[in-house]
Amino acid sequence: MILRDGRIVQSGTPAGILEGPANLEVARLLGRFNLLPGEIRALDPGRNTSRVLVGEFELEGPYFPGRLKGDHVTVCVRPDQLRALPRNGRPGANQIPAGLTRAVERSQSMRLEFDCGIAVDLSSLEYERQRDNRQWVIEFPSDKLRVL
């Protein structure tokens with residue numbers, strides 16, 4: 001259970017809560033998510049897809065039931081679900097360009113923090129291969145996007 005001010009804000013298995021925080025409050029309490037402001041641009045239940053504008057970039061994700069085009073939402077995705085790649089030209093689908101501001105060594109990985117407020121967890125080996133990159137893109141897997 002996740003408690004806030006003496007009340008239950010979400011209950012379930014630990015894995016279930018980490019995979020799907022019930023709302024923005026739970027995601028912030030857990031402190032394990034990138035939380036990015038966005039706007040729903042398109043919803044297609046027939047194709048099970050949605051598009052969300054984050055900054056000036058559109059990200060495609062699964063269909064978000066209960067949302068309407070134009071809704072302001074918060075995109076919620078864990079750092080370990082994202083990929084940081086070298087930038088080669090224009091960003092591709094579901095990619096946002098970013099400048100690396102800090103790399104923090106963790107027990108089995110590196111946490112890369114970017115100027116756009118996004119964090120990405122990368123294996124130490126992968127970071128060593130890419131550490132000299134000057135330009136990066138952050139790739140958002142469409143099946144991992146959630147909106148709150």
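Note that the CZ atom of F64 and the CD1 atom of I40 stand 6.0 Å from one another [nearest 0.5 Å]. Put simply, CG on L125 and OG on S109 are 12.5 Å apart, with the number rounded to the nearest 0.5 Å. The line from CZ of R131 to OG of S124 is 10.0 Å long, rounded to the nearest 0.5 Å. Note that the CG atom of N133 and the CZ atom of R87 stand 12.0 Å from one another [nearest 0.5 Å]. In this structure, CZ in R41 is found 5.0 Å from CG in L53, a value given to the nearest 0.5 Å. Here CG of N94 is found 6.0 Å from CG of L145. Values are rounded to the nearest 0.5 Å.
Looking only at side-chain heavy atoms (C-beta outward), E25 and R4 come within less than 4.5 Å of each other. The closest side-chain heavy-atom distance from P91 to P97 is below 4.5 Å. Between L24 and C76 there is no side-chain heavy-atom pair separated by less than 4.5 Å. Between D121 and M110 there is no side-chain heavy-atom pair separated by less than 4.5 Å. Side-chain contact check for P79 versus F33: every heavy-atom pair is 4.5 Å or farther apart. Looking at heavy atoms from C-beta onward, F140 lies out of side-chain contact with V54 at the 4.5 angstrom threshold. Looking at heavy atoms from C-beta onward, V9 lies out of side-chain contact with L3 at the 4.5 angstrom threshold. Residues Y127 and L112 have side chains in contact (heavy-atom distance under 4.5 Å, counting atoms from C-beta outward).
The environment of R111 atom CZ is dense: over 12 non-hydrogen atoms of other residues, nucleotides or ligands sit within 6.0 angstrom. Other residues, nucleotides and ligands contribute more than 12 heavy atoms inside 6.0 Å of the CZ atom of R129.
I96 and L85 fall into different hydrophobic clusters, where Ile, Leu, Val, Met, Phe, Trp and Tyr side chains are chained together by heavy-atom contacts under 4.5 Å. Using a 4.5 Å cut-off between side-chain heavy atoms of Ile, Leu, Val, Met, Phe, Trp and Tyr, with links allowed through other members, F57 and L100 fall into the same hydrophobic cluster. Side-chain heavy atoms closer than 4.5 Å link hydrophobic residues (I, L, V, M, F, W, Y) into clusters, and following such links, possibly through other members, connects I17 to L35. There is a path of hydrophobic side-chain contacts, each under 4.5 Å, that joins L29 to L18.
The side-chain hydrogen bond (donor to acceptor under 3.5 Å, both in side chains) check on E19 picks up R78, with sequence neighbours excluded.
Shortest non-hydrogen contact noted between L148 and A27 is CD1-CB, 3.8 Å. Between P141 and L82, the shortest heavy-atom contact is CD-CD2, 4.2 Å. Looking at every heavy atom in both residues, V52 comes nearest to G38 through CG1-CA, 4.1 Å.
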**Request:** Report the C-alpha separation of M1 and Q10 in whole Å, then their side-chain angles, then the decisive distance to 0.1 Å, and conclude whether the side chain to side chain contact (heavy atoms under 4.5 Å, CB included) test is met.
**Result:** CA-CA 6 Å; M1 286 189 272; Q10 186 172 352; over 6 Å; no
**Message:** Quick one, Y63 with L43, criterion side chain to side chain contact (heavy atoms under 4.5 Å, CB included). Give me CA distance, side-chain angles, the key distance, then yes/no.
**Reply:** CA-CA 6 Å; Y63 176 66; L43 297 163; 3.9 Å; yes
**Request:** Could you check V137 against N88 for side chain to side chain contact (heavy atoms under 4.5 Å, CB included), going step by step and ending with a plain yes or no?
**Result:** CA-CA 9 Å; V137 291; N88 297 319; over 6 Å; no
**Request:** Take R102 and V104, measure what side chain to side chain contact (heavy atoms under 4.5 Å, CB included) needs, and give me the verdict at the end.
**Result:** CA-CA 6 Å; R102 189 166 86 147; V104 179; 3.5 Å; yes
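R51 and E60 are not joined by a salt bridge, as no carboxylate oxygen comes within less than 4.0 angstrom of a charged side-chain nitrogen.
Residue pairs meeting the side chain to side chain donor-acceptor pair (under 3.5 Å) criterion with at least one member in residues 137-148, sequence neighbours excluded, are R83-E139, Q95-E139.
The only member of T74, V73, I118 that meets side-chain contact (heavy atoms from CB on, under 4.5 Å) when paired with L36 is I118.
Under the 3.5 Å distance criterion, the side-chain polar atoms of N48 are left unmatched by any main-chain donor or acceptor of P45.
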